[in-house]
Number of protein chains: 2
Amino acid sequence: MITTRAYSAASATSPLASDVLQRRQLTSTDVQIEILFCGVCHSDLHQARNEWSEFMPTQYPCVPGHEIVGRVTAVGSAVTRFAVGDLAATGCMVDSCGACSACAASDEVYCEKGSTFTYNSPDPHTGGHTLGGYSEAIVVDERFTFKVPGHLDLAGVAPLLCAGVTTYSPLRHWKVGPGQKVGIVGLGGLGHMAVKFAKAFGAHVVLFTTSPSKIEDGLRLGATEVVLSKDPAQMAQHAGSFDFILDAVSAEHDVNAYLQLLKRDATLCLVGVPEKPMAIHSLSVIMGRKSLSGSIIGGTAETQEMLDFCGQHGITADIELIPIQKINEAYDRLAKSDVKYRFVIDMASLKQ
Amino acid sequence: MITTRAYSAASATSPLASDVLQRRQLTSTDVQIEILFCGVCHSDLHQARNEWSEFMPTQYPCVPGHEIVGRVTAVGSAVTRFAVGDLAATGCMVDSCGACSACAASDEVYCEKGSTFTYNSPDPHTGGHTLGGYSEAIVVDERFTFKVPGHLDLAGVAPLLCAGVTTYSPLRHWKVGPGQKVGIVGLGGLGHMAVKFAKAFGAHVVLFTTSPSKIEDGLRLGATEVVLSKDPAQMAQHAGSFDFILDAVSAEHDVNAYLQLLKRDATLCLVGVPEKPMAIHSLSVIMGRKSLSGSIIGGTAETQEMLDFCGQHGITADIELIPIQKINEAYDRLAKSDVKYRFVIDMASLKQ
């Protein structure tokens, strides 16, 4: 086994603290990555605090982190795409069956047998549960390891592995492009990436936010217009005009108000997971033959495509870099949405 | 004006009763139809009793009826597709702007200026409100008048104009066909037509019903399998297996349970309008990138296509023929879903 330092939560109420864990010895198809930067996703906080106990109870010790960028330090004998010294990244998944129709389509996140998530999934290698990226090193199958454009700021690349691909994937799936009017609901970790991608794809981007303080930032990030969603008059001006809306809000909100803004036959895609079910009027989709859809993360081919696209277009996340010792403070701020727009851990701090 | 006998409701609490009303003189593009049969849609009952007061308050006197089949008795000078003596039908709409993108695509029901419904819409010709098919005669623009295959049972044709096209349209839009597993939720006026169409399109049809008493009828109408939706074990056997589900239930029910049964990227389309908003979990669409959609009626080109398809395949609705004098009794039975599967009024009874 490979011994590595990490930060873990010992229980739902424990703060994260320094720990030591074991990674598996490399199989022939594995890549070992020294982690340089790891993004802090809201899911990390939910999982560490066991806030999804109903459908995804947390196994402890819990090592969160699934926005991972680093450098290859060892490769298995059958690895073909990576060599020691290469930059490499891994995201929310580290394995899937590889054989079902979803895996065949590189939609591994929809694997019919269930994909293995980077933390808190049953780990077929160890018999325990998977341990994430708040750690010195990780061992991942090459299939779930990605090439990183070396000229980008690596700290800003880390969030691309979750916030990036989670928004890139539906914008591509629903073919967002020039000549289209696209709405992005919510300016947080996901929303700020969605604005950047929709802009880069050539769409007319309208950001919806509840915060007047975010108007300026929305325009800076690439929105053509910013609409204050609490103002019914502003909302009404956009009725029936959107080709696509990406809803990145996890707080409770009225989705019917956004369905009203879609054109005939258009789609609103959810990427946030509000705690309670949403109240949807059937007429909100019946009038105009509209669709309420959803999307989660993205497949491996799409993740690599997204990283390459970011390399070509100079896209990274807007981040706030922290040492690992500040992680509990960062969680408290994250719970209040007090971050623009992603905390990223400088993993060099773990060596201090 | 043209004087015609009819049955109307004078208020939300009045029974329907014999009445006399005026139709407009024909314009150059109008067709006058002597009505032979008119179907009784659940919407007729809702509208007559002002049960949609919130979003579509009823104007009185209210003459319901939008499943209309009859014979042409007069045509305007510019009418090209109909001659006196022809069979003709008209459905839920009698007008639309004709100029917007929806009308250009023959999706008149989604007309951006709002289509004119057959009853209870503002009537641009009279300045009053439109009056439906529980009547001796109706005057309709040729654009909203359809050819009827003469060899079909005309009483069974009437419900095709609403229940038929409302289910035909989404099954065609989402390209239901051979090799697909398609679910139909609910065996009522709409559901029984959906089973017939999905079967005719070559799909493997699974009917979902809450009533064991409907199993035999479901199989007779064309379902390959019938699932009792209250049995979780039967439901679980179908998880993740459907290419498309058409949900024709207007009563409160758990749509999440059906979203679970869809394949990745598949759609559940609502054609019923439950009174209250539905509680939808975002994960029900996020997991598997599924879509919750809706559809209403169908456009004029699609309505004619549907009637032609029914002519070729010998499809009509299963009906119970009643004289107009029995309409109030029929409404009471309809409110209890006590009809297999559509009441149709024999309009000859109005002359008695």
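Sequence lines set the chain letters: A, B, ... in the order given, protein chains first and strands last, and positions in each chain run from 1.
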Distance-minimising heavy-atom pair for [X] and [Y]:
{"X": "B:Leu270", "Y": "A:Ser282", "answer": "CD1-CB, 3.8 Å"}
{"X": "B:Tyr110", "Y": "A:Arg289", "answer": "OH-CB, 3.5 Å"}
{"X": "B:Gly272", "Y": "A:Ile286", "answer": "O-CD1, 3.4 Å"}

* Structure fact -> NE2 (B:His281) and CD (A:Glu275) are apart, to the nearest 0.5 Å, by 12.0 Å

* Asked: Which region of B:Asp265, side chain (C-beta onward) or backbone (N, CA, C, O), has a non-hydrogen atom less than 4.5 Å from a non-hydrogen atom of chain A, or is it both or neither?
  -> side chain

* To do: Below 4.5 Å from any heavy atom of chain B, which atoms of A:Thr267 appear? Answer side chain, backbone, both or neither.
  => neither

* Any residue of residues 234-255 of chain B which, by heavy atoms, sits under 4.5 Å from chain A -> none

* **Pairs flagged by salt bridge (charged side-chain N to carboxylate O under 4.0 Å, His left out) wherever residues 293-302 of chain A is involved - sequence neighbours left out** => none

* When only pairs under 4.5 Å are counted, which of A:Leu268, A:Leu292, A:Leu259 shares the most heavy-atom pairs with chain B? -> A:Leu292

* Contact winner vs chain A - B:Met287, B:His173, B:Lys290, heavy-atom pairs under 4.5 Å -> B:His173

* Do the side chains of B:Pro277 and A:Ile280 get nearer than 4.5 Å, heavy atoms only? -> no

* Asked: Has the side chain of B:Arg264 got a donor or acceptor atom that lies under 3.5 Å from a matching backbone atom of A:Ser101?
  -> yes

* Does any donor atom in the side chain of A:Ser291 or B:Ser291 lie under 3.5 Å from an acceptor atom in the other side chain? -> no

